[in-house]
Amino acid sequence: MQLITSIDFGIWAIFFVCYLYQMYYILVPYIKKDKPQAIPRKNRFAVLISARNESNVIGQLLQSINAQSYDRELIDIYVVADNCDDNTAEIAAQNGAKVYKRFDKVNVGKGYALNFLLKNISHEHGMDYYDGYFVFDADNVLDPLYIEEMNRTFSSGYEILTSYRNSKNYGDNWISAGYALWFLRESKYLNYSRMLLGNSCAISGTGFMFSKKVAKELNGWRYYLLTEDIEFTVDHVINGYKIGYCKDAVLYDEQPNTFGQSVRQRMRWAKGYFQVMCNYGAKLAGGVIGKKSNRFSCYDMSMSIMPALILTILSAVINIGAILVGLISGISAEPVIECVLEGAVSMYAMMYVIGAITTISERKMIYTTPLKKFLYTFTFPVFMMTYIPITFMAIFKKVEWKPIVHSEAKTLADIKGIN
């Protein structure tokens with residue numbers, strides 16, 4: 001059993017070394033200043049929205065786009081009603097969107113829908129008509145300055161940009177708060193720090209844009225893994241792109257608030273990470289040891305998709321196996337159990353500190369009661385630790401893309417009016 005505890009110590013030591021730099025990331029927003037931005041250009045944008053039975057929420061997103069401070073004449077909205085059997089298409093058209101209907105039960109997923117949409121736009125206008133393309137999910141709501149702020153950073157020379165991801169329903173329960181707090185942390189203490197240090201940021205599902213140069217290179221959309229956003233990010237980092245981040249462009253996103261939906265979604269994410277690791281891991285490793293200027297960005301993205309999953313599962317398998325062997329053979333498993341408990345407490349403490357720091361710094365952006373802000377810092381580590389069994393199940397279970405039901409039909413005023 002002493003061997004098991006030594007292995008555990010070695011695993012946690014590797015984990016600590018791999019992610020030590022992210023502790024520095026927490027300090028970066030307070031010791032580095034934003035770089036001056038170029039004078040904004042008047043760019044023309046296409047907004048891309050993939051929607052599957054989103055009649056409950058898509059109207060609020062489109063209204064928030066129509067209310068943008070940016071010149072509305074330079075924004076065209078495109079919606080793909082993807083395998084819909086409700087009135088999503090009609091609501092989208094009523095709110096000024098150009099709608100395409102797609103029915104394909106074989107090629108299912110957001111990646112296929114985006115490719116369908118981009119092919120239609122290219123056929124109508126060519127790929128030079130728009131300077132950039134925004135991608136949103138149907139449940140999103142935008143701050144009125146969103147596109148104006150993104151355009152400001154885009155005009156400074158970035159080909160791909162992501163934004164500040166906030167939540168529509170932080171205060172629903174510990175599950176929605178767990179998601180929201182993670183995305184707030186990702187925005188402030190990962191992407192913002194990366195941006196300040198000149199490293200590449202990471203796309204996180206929604207609220208991002210890319211230039212016509214990228215669109216022409218892709219000739220549509222070619223990312224179809226279960227986590228197409230991570231695949232898109234990793235592929236472009238490998239190829240030398242530095243993805244930018246705009247902290248002043250705020251997007252509000254609906255988070256699942258039932259454990260069943262959360263397990264299904266995060267299992268898809270875990271499986272998608274494994275897929276990206278298998279498909280791009282070798283190229284990322286090559287980028288880390290290569291001579292490219294984005295070596296650290298390749299390392300950063302490698303840490304995002306590989307060690308945490310592998311090390312956590314490895315530790316769990318070794319310890320559970322040791323405990324079972326101890327029970328069967330009569331050898332005391334007490335040292336292993338103590339080690340597991342110590343590891344769990346350490347993980348909880350680390351996640352609590354991350355959640356508490358994020359809650360304190362972003363408290364003005366969290367629209368719920370002070371009591372819930374306080375309480376959900378304690379449940380955040382529990383939410384994060386549930387990833388361990390979910391990830392383990394994802395290794396063996398066949399996972400397919402399935403839509404998440406959205407029902408939070410809130411305007412920006414509704415979101416900010418929560419007490």
Side-chain angles (χ1 to χ4, degrees), residues 8-32 164-167 170-171 173-197 199 201-202 204 245 247 255 262 266 269-270 273 299-313 315-316 319 338-391:
D8 275 336
F9 179 81
I11 290 173
W12 283 107
I14 294 170
F15 191 96
F16 179 79
V17 170
C18 285
Y19 292 96
L20 181 62
Y21 74 98
Q22 291 193 7
M23 297 182 187
Y24 175 61
Y25 272 3
I26 295 174
L27 301 176
V28 169
Y30 305 103
I31 61 178
K32 296 279 288 184
Y164 186 100
R165 188 172 180 178
N166 207 336
S167 175
Y170 190 106
N173 57 32
W174 69 280
I175 297 169
S176 62
Y179 278 101
L181 201 49
W182 176 259
F183 288 128
L184 289 172
R185 180 254 178 178
E186 183 180 60
S187 294
K188 180 65 177 282
Y189 296 114
L190 290 181
N191 278 336
Y192 186 34
S193 296
R194 289 162 174 157
M195 180 74 167
L196 290 171
L197 293 170
N199 301 327
C201 302
S204 183
Y245 167 74
K247 66 181 177 65
Q255 307 304 336
S262 177
R266 288 187 288 158
W269 290 351
Y273 272 75
Y299 173 80
D300 195 4
M301 292 305 115
S302 297
M303 294 304 101
S304 296
I305 67 169
M306 286 190 271
L309 292 174
I310 295 172
L311 293 174
T312 303
I313 291 173
S315 178
N319 284 288
E338 289 179 358
C339 187
V340 170
L341 291 175
E342 288 174 3
V345 170
S346 297
M347 182 179 293
Y348 181 95
M350 179 181 67
M351 287 299 169
Y352 175 78
V353 170
I354 290 172
I357 290 172
T358 305
T359 300
I360 292 168
S361 68
E362 306 308 285
R363 62 191 181 278
K364 293 182 179 179
M365 300 298 291
I366 299 174
Y367 298 104
T368 190
T369 63
L371 178 60
K372 287 184 176 181
K373 292 179 189 180
F374 174 74
L375 291 177
Y376 290 149
T377 60
F378 292 96
T379 58
F380 174 68
V382 178
F383 173 80
M384 294 304 299
M385 290 166 73
T386 60
Y387 263 109
I388 298 173
I390 289 171
T391 301

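What you see is a predicted model, and the numbers here were worked out from it, not measured in a lab. Sequential numbering from 1 along the given sequence is applied to the chain's residues. The figures here come from the full heavy-atom set of this structure, side chains too, leaving out hydrogens, waters and symmetry mates.
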Q) Considering only heavy atoms from C-beta outward, does the side chain of I390 approach that of W269 to under 4.5 Å? A) no
Q. Just checking, R266 and Y387: is the charged tip under 6.0 Å from the six-membered ring centre and within 45° of the axis?
A. yes
Q. What class does the angle between the rings of W174 and F383 fall in, given that below 30° is parallel, 30 to 60° is tilted and above 60° is perpendicular?
A. perpendicular
**Q.** Side-chain heavy-atom pair Y170, L181 within 4.5 angstrom cut-off
**A.** yes
**Q.** Side chains of M384 and I354 in contact at under 4.5 Å (non-hydrogen atoms)
**A.** no
Q | Residue pair S262 / Y179, side-chain donor-acceptor N/O under 3.5 Å | A | yes
**Q.** F16/S346 under side chain to side chain contact (heavy atoms under 4.5 Å, CB included): CA gap, chis, key distance, verdict
**A.** CA-CA 12 Å; F16 179 79; S346 297; over 6 Å; no
Q: Decide side chain to side chain contact (heavy atoms under 4.5 Å, CB included) for V382 and Y348; before the verdict, give the C-alpha distance in whole Å, the side-chain angles of both, and the deciding distance to 0.1 Å.
A: CA-CA 7 Å; V382 178; Y348 181 95; 4.1 Å; yes
Q: Answer yes if the side chains of Y21 and D300 hold a donor-acceptor pair under 3.5 Å, and no otherwise.
A: yes
(Q) Go through it in stages, so that I can follow the logic: the residues are T358 and F380, the test is side chain to side chain contact (heavy atoms under 4.5 Å, CB included), and I'd like the CA-CA distance, side-chain angles, deciding distance and then a yes or no. (A) CA-CA 11 Å; T358 305; F380 174 68; over 6 Å; no
**Q.** Shortest non-hydrogen separation from V28 to S193 and the atoms involved
**A.** CB-OG, 3.7 Å
Q) Quick one: does K373's side chain have a donor or acceptor within less than 3.5 Å of a partner on I366's backbone? A) yes
**Q.** side chain to side chain donor-acceptor pair (under 3.5 Å), paired with Y164, selected from K188, K247, E362
**A.** E362
**Q.** OG1-CG distance between T369 and L375, expressed to the nearest 0.5 angstrom
**A.** 8.0 Å
(Q) When you measure from the side chain of Y299 to the backbone of C18, do you find a donor-acceptor pair of N or O atoms at a distance under 3.5 Å? (A) yes
Q: Kindly say whether G355 contributes a backbone atom to a donor-acceptor pair with the side chain of T377 at under 3.5 angstrom?
A: no
Q. Between Y189 and Q22, is any pair of side-chain heavy atoms under 4.5 Å apart?
A. no
Q) When the aromatic ring centroids of F378 and Y352 are compared, is their separation below 6.0 Å? A) yes
(Q) Can a side-chain donor-acceptor contact be found between T368 and Y376 if the only test is distance below 3.5 angstrom? (A) no
**Q.** Pairwise distance CZ(R165) to OG(S187) - rounded to 0.5 angstrom
**A.** 8.5 Å
**Q.** Nearest non-hydrogen partners of M385 and A344, listed with the distance
**A.** CE-O, 3.8 Å
Q | Flag, side chain of Y19 to backbone of M303, donor-acceptor distance under 3.5 Å | A | yes
Q) Between N191 (side chain) and A202 (backbone), is there a donor-acceptor pair under 3.5 Å? A) yes
Q: Over all heavy atoms of both residues, which pair between S204 and F183 is shortest? Give the atoms and the distance, please.
A: OG-CE2, 3.3 Å
**Q.** Atom of Q255, atom of A180 and distance for their closest heavy-atom approach
**A.** CG-N, 4.2 Å
Q. Angle class for the Y192/Y245 ring planes (parallel below 30°, perpendicular above 60°, tilted otherwise)?
A. tilted
